[in-house]
Protein chains: 2
Amino acid sequence: MSDGDSGRKRILDSAAFILRTKGFGAARLSEIAQGAGMLAPSIYHHFKSKDEVVEEVMLSGIYRNTRHIVAKVEVLGPETAPVDRLRAAIVAHVEFLLSGDDYSSAVARSFGDLPSEMKQRVLAAYATFDSYWRDLLVAASPSGNDAQTTVARKFLIAMLDSCPSWYRAGRLGPTQIANQAADLFLGGFAP
Amino acid sequence: MSDGDSGRKRILDSAAFILRTKGFGAARLSEIAQGAGMLAPSIYHHFKSKDEVVEEVMLSGIYRNTRHIVAKVEVLGPETAPVDRLRAAIVAHVEFLLSGDDYSSAVARSFGDLPSEMKQRVLAAYATFDSYWRDLLVAASPSGNDAQTTVARKFLIAMLDSCPSWYRAGRLGPTQIANQAADLFLGGFAP
DNA sequence: GTCTATAATCAGATAGAC
DNA sequence: GTCTATCTGATTATAGAC
């Protein structure tokens, strides 16, 4: 069964765009509906509540993003150095965010603002994403210090997730920003 | 005239705490009032609107934070290397955020969610903060590339501002996190 | 300076026609 | 599957007593 242009998908696409651009706190159901080419009450034919729409956008975003990163890393041969695997993940994450995937950007922007019950549920999916990064960082860590790689992971993801909020198409393209992020995190600003 | 425990200050303190912990979208006037030991309508004796409270928290946060960082950097002698000035700023910023200054954390958490008209006004104050970082980074940049230091600044501030959202008092104290942030940004994760 | 009572507004959700 | 009309609840804001 094709999902091509169904109402459901139009709603999710619109919600992802709104969540990416305005954030959770400012996302209005009427605006989501407008972006999907319908009026607010029509959404309830497809979803039980506004929160259900938001939650599905979050889960999709995490899933799509994780799949994209894993694919870009695992295509590298088994002989690839851990640092190069980490580099590939950084580049893949930033490129995905900046190449217009509203779902992953919605997660980057709005995850922290979700109501706590929803956040708990979404966290289960987020754990997969998080632990993949943890493994990449541990493998590439020169020190091997556990607490340090945990802090480094928090810093890294916050840094990468910020891209959609300040990036504007211009002289530097997504790939250049992505490579600079990798250079900066791995090599430092003033080595 | 002492501002010690005036209603005005209690409201601002409470609002800063709420904005730091729940974000702009979830900040309720009734909860701000409760934290200040009064009921919601009493706030209007001190402020014209909820937005006015929020805006004053933002301006205070930016001002306090900038002043703190500048003080910690400018206490260094004029012979201090640019990299060490940048390092001092990074450490100062993280320590300030993690040592419980609700105002600076409120800015870090909620600035991106402000309604656009307010954001424009607050941006004027934020520009002072931003340009101080720009100067520090340009001075310490080995490459001197303008576009690159701009991107590096965005990444740096996003990374540092994320601290309050994930830091929990434990084995690592604020100073250790702050130093690790500086080591990571300046030296890189896998040099 | 803070309260109670209430107005005004808005957003999410439901009912039922088409 | 989408609409119009309406309900319900929450939230900001105002009026006026104390």
Side-chain angles (χ1 to χ4, degrees), chain A residues 1-58 106 109-110 113-119 121-122, chain B residues 1-58 106 109-110 113-119 121-122:
Chain A
M1 155 195 158
S2 160
D3 208 22
D5 214 16
S6 75
R8 211 184 153 76
K9 181 169 189 304
R10 270 156 45 218
I11 292 164
L12 290 170
D13 285 351
S14 173
F17 177 77
I18 303 282
L19 288 168
R20 184 199 91 181
T21 50
K22 307 204 165 181
F24 179 81
R28 300 281 162 258
L29 199 58
S30 57
E31 205 175 348
I32 292 172
Q34 190 180 16
M38 59 182 73
L39 292 170
S42 304
I43 288 182
Y44 292 90
H45 181 75
H46 305 274
F47 296 91
K48 283 208 310 270
S49 68
K50 177 190 167 184
D51 276 9
E52 198 182 79
V53 177
V54 173
E55 188 164 335
E56 194 156 323
V57 169
M58 292 293 125
R109 164 91 197 247
S110 297
D113 292 330
L114 300 180
S116 55
E117 331 79 52
M118 195 196 300
K119 204 168 179 175
R121 288 191 298 272
V122 176
Chain B
M1 153 197 162
S2 161
D3 207 20
D5 213 20
S6 76
R8 211 184 153 76
K9 181 168 189 305
R10 271 156 46 218
I11 293 164
L12 290 169
D13 284 351
S14 173
F17 176 78
I18 303 282
L19 288 168
R20 182 199 93 182
T21 51
K22 307 204 165 180
F24 178 81
R28 298 283 159 258
L29 198 59
S30 57
E31 204 174 350
I32 291 171
Q34 190 180 15
M38 59 182 72
L39 292 171
S42 303
I43 288 181
Y44 292 90
H45 181 74
H46 305 274
F47 296 91
K48 285 207 311 269
S49 67
K50 176 189 168 184
D51 276 10
E52 197 182 80
V53 177
V54 172
E55 187 163 334
E56 195 157 322
V57 169
M58 293 292 125
R109 164 89 196 248
S110 297
D113 292 330
L114 300 180
S116 56
E117 329 80 52
M118 195 196 301
K119 203 169 181 175
R121 288 191 299 271
V122 176

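The sequence lines fix the lettering, A, B, ..., with proteins before strands; numbering per chain opens at 1.
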Exercise. Which two nucleotides bound the region of DNA chain D that has atoms under 4.0 Å from heavy atoms of chain A, read 5' to 3'?
Worked result: D:dG1 to D:dA5
Identify all side-chain donor-acceptor contacts of residues 23-32 of chain A below 3.5 Å with residues at least two apart in sequence or on another chain.
unit_1, atom_1, unit_2, atom_2, d
A:Glu31, OE1, A:Lys22, NZ, 3.4
A:Glu31, OE2, A:Lys22, NZ, 2.8

Exercise. For DNA chain C, which residues in residues 13-40 of chain A have a heavy atom at a distance below 4.0 Å?
Worked result: A:Ala27, A:Arg28, A:Leu29
Exercise. Which parts of residues 41-53 of chain A get close to DNA chain C, meaning a heavy atom less than 4.0 angstrom away?
Worked result: A:Pro41, A:Tyr44, A:Ser49, A:Lys50
For this session: Report the distance from atom OG of A:Ser110 to atom CG of B:Asp113, rounding to the nearest 0.5 Å.
Result: 8.0 Å
Problem set entry | Angle by which the axis turns from one end of the helix from C:dG1-D:dC18 to C:dC18-D:dG1 to the other, five pairs per end, to 10 degrees | 0°
Exercise. Atom CG of B:Asp51 and atom CZ of B:Arg121: how far apart are they, to the nearest 0.5 Å?
Worked result: 8.0 Å
Problem set entry | Distance in Å, A:Ser14 OG paired with A:Ile18 CD1, rounded so as to fall on 0.5 Å steps | 5.0 Å
Exercise. Shortest non-hydrogen contact from B:Leu19 to B:Met58?
Worked result: CD1-CE, 3.9 Å
Kindly list each side-chain donor-acceptor pair under 3.5 angstrom involving residues 33-48 of chain A, sequence neighbours excluded, with atom names and distances?
unit_1, atom_1, unit_2, atom_2, d
A:Ser42, OG, A:Leu39, O, 3.4
A:Lys48, NZ, A:Glu52, OE2, 3.3

Exercise. What salt bridge (charged side-chain N to carboxylate O under 4.0 Å, His left out) pairs are there with at least one residue in residues 11-21 of chain A, not counting sequence neighbours?
Worked result: A:Lys9-A:Asp13, A:Arg20-A:Asp102
Exercise. A:Thr21 and A:Arg109: which non-hydrogen atoms are nearest, and at how many Å?
Worked result: O-NH1, 3.0 Å
